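This report refers to the structure that appears directly beneath it.
Both backbone and side-chain heavy atoms feed into the values below; hydrogens, waters and symmetry mates do not. These figures come from a predicted structure and were not determined experimentally. Counting from 1, the numbers follow the sequence of the chain as shown.
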Amino acid sequence: MSDRKPFTYVNAAIREGVTRLDIAFYTPYLQVMVLGVGSTRPTLDFYSPEGQVSISTTGAGPVTANDVTLAREIADAAARYLAECERLHTEQPTHPDQADESAA
């Protein structure tokens, strides 16, 4: 039986003056919303009680062609993620406990 519990992972590293921040949400509490609709700067937010990630336009300024390209890439990736989640959900046993037992 698996004891996989929800978690949020955050890692920050600074190397040679470059900061890298990694955030991974593995939680059922994750929510998504879009702010700034109808304004000059939309923001896509992923958030949970443990943290938040916001994606917005370049330099928080006017929308550029690169911003539109990124938004399309996010939409395409989200569609692939949805398809994969639906496929896996359909293929797994009805009861999560059965999946744990069959893996043993």
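Residues L30 and V34 are members of one and the same hydrophobic cluster, defined by side-chain heavy-atom contacts under 4.5 angstrom among Ile, Leu, Val, Met, Phe, Trp and Tyr. Put simply, V37 and L70 are part of the same group of oily side chains (I, L, V, M, F, W, Y) that touch within less than 4.5 Å, one to the next. Both I23 and V32 belong to a common hydrophobic cluster when Ile, Leu, Val, Met, Phe, Trp and Tyr are linked at side-chain heavy-atom distances under 4.5 angstrom.
Applying the side chain to side chain donor-acceptor pair (under 3.5 Å) test to S54 and every residue at least two apart in sequence or in another chain returns D45, Q52. When the side chain to side chain donor-acceptor pair (under 3.5 Å) test is applied to D22, the partners found at least two apart in sequence or on another chain are R20. Applying the side-chain contact (heavy atoms from CB on, under 4.5 Å) criterion to I14, with sequence neighbours excluded, gives T19. Evaluation of the side-chain contact (heavy atoms from CB on, under 4.5 Å) rule for V18 yields no partner, not counting sequence neighbours. Partners of R87 under the salt bridge (charged side-chain N to carboxylate O under 4.0 Å, His left out) rule, at least two apart in sequence or in another chain, are E84, E91.
Listed by first and then second residue, the side-chain hydrogen bond (donor to acceptor under 3.5 Å, both in side chains) pairs involving residues 57-71 are T58-D67, T64-D67 (not counting sequence neighbours). Residue pairs meeting the ring-ring contact (aromatic ring centres under 6.0 Å, His included) criterion with at least one partner in residues 42-89, sequence neighbours excluded, do not occur; the list is empty. Listed by first then second residue, pairs satisfying ring-ring contact (aromatic ring centres under 6.0 Å, His included) with a partner in residues 4-35 read F7-Y26, not counting sequence neighbours.
With rounding to the nearest 0.5 angstrom, the CD1 atom of I74 is 4.5 Å from the CD1 atom of I55.
The shortest heavy-atom contact between E86 and T90 is O-OG1, 2.8 Å. Heavy atoms only, all atoms of each residue included: S56 and R41 are closest at OG-CG, 3.2 Å.
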For V63 and T40: C-alpha separation, side-chain torsions, deciding distance, then whether side chain to side chain contact (heavy atoms under 4.5 Å, CB included) applies.
CA-CA 8 Å; V63 177; T40 59; over 6 Å; no
